There are 2 protein chains.
Amino acid sequence: MAKNTKARHDDLRKRLIDLAEKTVEAEGLSALRARDLANKAGCSVGAIYNVLTDMNTLTLHVNGRTFKRLGIAVAASIADKADLPPRDRLIALSLAYLDFANNNFKAWTALFDIEMTAGPDVPEWYQNALNELFRHINGPVREIYPEMGKIDSDLMTRGLFSSIHGIVLLGLQRRISGVPQEEMARMITLILSNLSK
Amino acid sequence: MAKNTKARHDDLRKRLIDLAEKTVEAEGLSALRARDLANKAGCSVGAIYNVLTDMNTLTLHVNGRTFKRLGIAVAASIADKADLPPRDRLIALSLAYLDFANNNFKAWTALFDIEMTAGPDVPEWYQNALNELFRHINGPVREIYPEMGKIDSDLMTRGLFSSIHGIVLLGLQRRISGVPQEEMARMITLILSNLSK
DNA sequence: CCCTCTCAGTGAACGGTGTTCAGAATGTAA
DNA sequence: TTACATTCTGAACACCGTTCACTGAGAGGG
């Protein structure tokens, strides 16, 4: 029965993450409540804590899935575009990022709404997921700036990602007036098109 | 006494905002609690609600002050640099933004941590404060791209602000590995220096 | 078949939020 | 002093995540 318990635990854990993912996608991270979740899963509140250490780690699991989907969507955007000029590949990547954030707004928001006060460092899988995104950007960057040293081209890569992220973030949160949805794509294109050299 | 109460209310409101500002600066938005605040102000919890509709509006007041300080800091960075080339002025503005966010990290974070789910629109003063920042950016942008139409140059302005914001945000939150403090300035400089035309 | 005995699962209870509102306290006027 | 109006108070409420003393179902031996 030790084996049996583990199987039941694994099963419950998976169901909880599935349900949490649906909730986050539909209503956002703030709608993820322990009692509601237990209710939907047909278990007690306590059962959640038999299987997951925290509500926070549950969110981490959901975010892990979101990051995976994000990575796939971004990679797909340049899968058949290897022959395009590097600037156009950067634009394609960025628009895919915008598109994903827009179509999965609440799940995408949850990626950055989570607490990360524990220590100076972020979970490893989070770093890995970001590094995966960086890899895609780094190729075009090195093509555009072949003379640039590795340190600077890495900085440029992270800087470009952060820039696009900032545009998408402030735009989708409607924190900046006069940036309707359809203009965000143009904003991204404008900035990336004007990268010199 | 109607006058008298108004004066007392105004006084209490001011003291509450002062105390809240200190708390947010020292410990962050999450440390702002109604009971603690009442304790520090020497009043009852209920008194807060006689004078402020909400804990959220209290945060808005604090954020208003932070935005004002931010605006002053950013404006000061180019006050004596009118003769510099536009790209250098953009860099000065951006580094001032980075500097302010770094030196007032918790208060600056609070600017964007606040709930804005109420309706599709953000408070008016928030928009005004942002527009003030945009004005500073718009000048150099129009100098760099004199042939650009107003619509596009406005998009470029907002896009550049969002970009710098994204770099500062992800960098200071340590959400991106390998971007130590001193390299963020270089990251910003790299990107802005490579704006073409 | 029954009786232990173990242990996973339960949900009431705990500590912590923001917010409210019946009543106490204070002030005003007759 | 008394009657009334106004202001202020803090216990109580609703709602979080989290815990832990209990329950009850199932295993194994007699």
Side-chain angles (χ1 to χ4, degrees), chain A residues 1-17 19-21 23-24 26-63 106 109-110 113-118 123, chain B residues 1-17 19-21 23-24 26-63 106 109-110 113-118 123:
Chain A
M1 74 253 45
K3 269 292 169 54
N4 211 330
T5 335
K6 191 192 177 311
R8 260 180 302 124
H9 277 196
D10 289 349
D11 185 64
L12 177 59
R13 189 182 300 111
K14 187 189 171 308
R15 275 195 304 131
L16 287 174
I17 298 172
L19 288 167
E21 190 176 18
T23 302
V24 170
E27 307 170 64
L29 191 56
S30 62
L32 189 60
R33 275 173 275 270
R35 284 167 184 79
D36 290 356
L37 189 68
N39 207 23
K40 286 176 188 167
C43 70
S44 68
V45 241
I48 296 174
Y49 293 87
N50 291 338
V51 156
L52 294 158
T53 63
D54 231 77
M55 271 289 156
N56 201 55
T57 67
L58 176 59
T59 308
L60 284 178
H61 277 101
V62 173
N63 281 353
K106 292 187 173 149
T109 298
D113 273 358
I114 199 172
E115 287 281 329
M116 289 200 179
T117 45
Chain B
M1 72 260 39
K3 269 295 170 53
N4 210 330
T5 38
K6 189 191 178 313
R8 261 180 302 121
H9 277 194
D10 289 349
D11 184 65
L12 177 60
R13 189 181 301 110
K14 188 189 171 308
R15 276 195 304 130
L16 287 175
I17 298 172
L19 288 167
E21 191 176 18
T23 302
V24 169
E27 307 170 63
L29 193 56
S30 62
L32 189 61
R33 275 174 275 270
R35 285 167 184 79
D36 291 356
L37 189 69
N39 207 22
K40 286 177 189 167
C43 70
S44 67
V45 240
I48 296 174
Y49 293 86
N50 292 338
V51 156
L52 294 159
T53 64
D54 230 81
M55 272 288 155
N56 201 54
T57 66
L58 177 59
T59 308
L60 284 178
H61 277 100
V62 173
N63 282 352
K106 293 186 173 149
T109 297
D113 274 358
I114 200 172
E115 286 282 327
M116 289 201 181
T117 46

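Just so it is clear, the model here is predicted, and its values are computed rather than measured. Below, read A as the first sequence line, B as the second, and so on, with proteins coming before strands; counting in each chain starts at 1. Quick note: numbers below take in every heavy atom, side chains included, and nothing from hydrogens, waters or symmetry partners.
As rounded to whole Å, 14 Å separates atom P of D:dG17 from atom CD1 of A:I114. Between the OH atom of A:Y49 and the P atom of D:dG17 there is a distance of 7 Å, given to the nearest Å. Computed from coordinates, the A:K6 NZ to C:dG9 C1' distance equals 18 Å when rounded to whole Å. Atom pair B:M55:CE and C:dT17:P shows a separation of 11 Å (rounding to whole Å applied). Rounded to an integer number of Å, the gap from CZ of A:R13 to P of C:dA8 is 14 Å. Atom-to-atom, CG of A:N39 to C1' of D:dG17 comes out at 16 Å; the value is rounded to the nearest Å. Between the P atom of C:dT26 and the CG atom of B:N4 lies a distance of 16 Å, rounded to the nearest Å. Atom CD1 of B:I48 and atom P of C:dT20 are 12 Å apart (whole Å).
Ranking D:dG10, C:dT19, C:dG11 by closeness to the A:S44 side chain, first place goes to C:dG11. Closest contact between the side chain of A:T5 and the listed nucleotides C:dT19, C:dA8, D:dT19 involves C:dA8. With distances taken from any side-chain atom of B:R35 to the nucleotides D:dG17, C:dT10, D:dC13, the minimum falls on D:dC13.
When each of A:N50 and A:D36 is assigned the nucleotide of DNA chain D with its nearest heavy atom, A:D36 is the one assigned upstream, toward the 5' end.
OP1 or OP2 of C:dG9 lies within a sub-4.0 Å distance of a side-chain N or O belonging to A:H9. The shortest distance between the side-chain N/O atoms of B:R8 and the OP1/OP2 oxygens of D:dC8 is below 4.0 Å.
If you take CD1 on A:I48 and CG on A:L12, they are separated by 8.0 Å, rounding to the nearest 0.5 Å. Rounding to the nearest 0.5 Å places CG of A:L60 at 12.5 Å from CE of A:M55.
A:R33 comes within 4.0 angstrom of sugar-phosphate atoms only, judged by non-hydrogen atoms across all strands, and of no base. Across all strands, A:L12 comes closer than 4.0 Å to no nucleic acid atom at all (heavy-atom distances). Nucleic acid contact for B:D54: sugar-phosphate only, since backbone atoms but no base atoms lie under 4.0 Å from a heavy atom of the residue.
A salt bridge links A:K6 with A:D10: at least one charged nitrogen is closer than 4.0 Å to a carboxylate oxygen.
Taking a 6.0 Å sphere around NE2 of A:H9, one finds it holds more than 12 heavy atoms contributed by other residues, nucleotides or ligands.
Annotation for A:I114 and A:T59: closest pair CD1-CG2, 3.7 Å, computed over non-hydrogen atoms.
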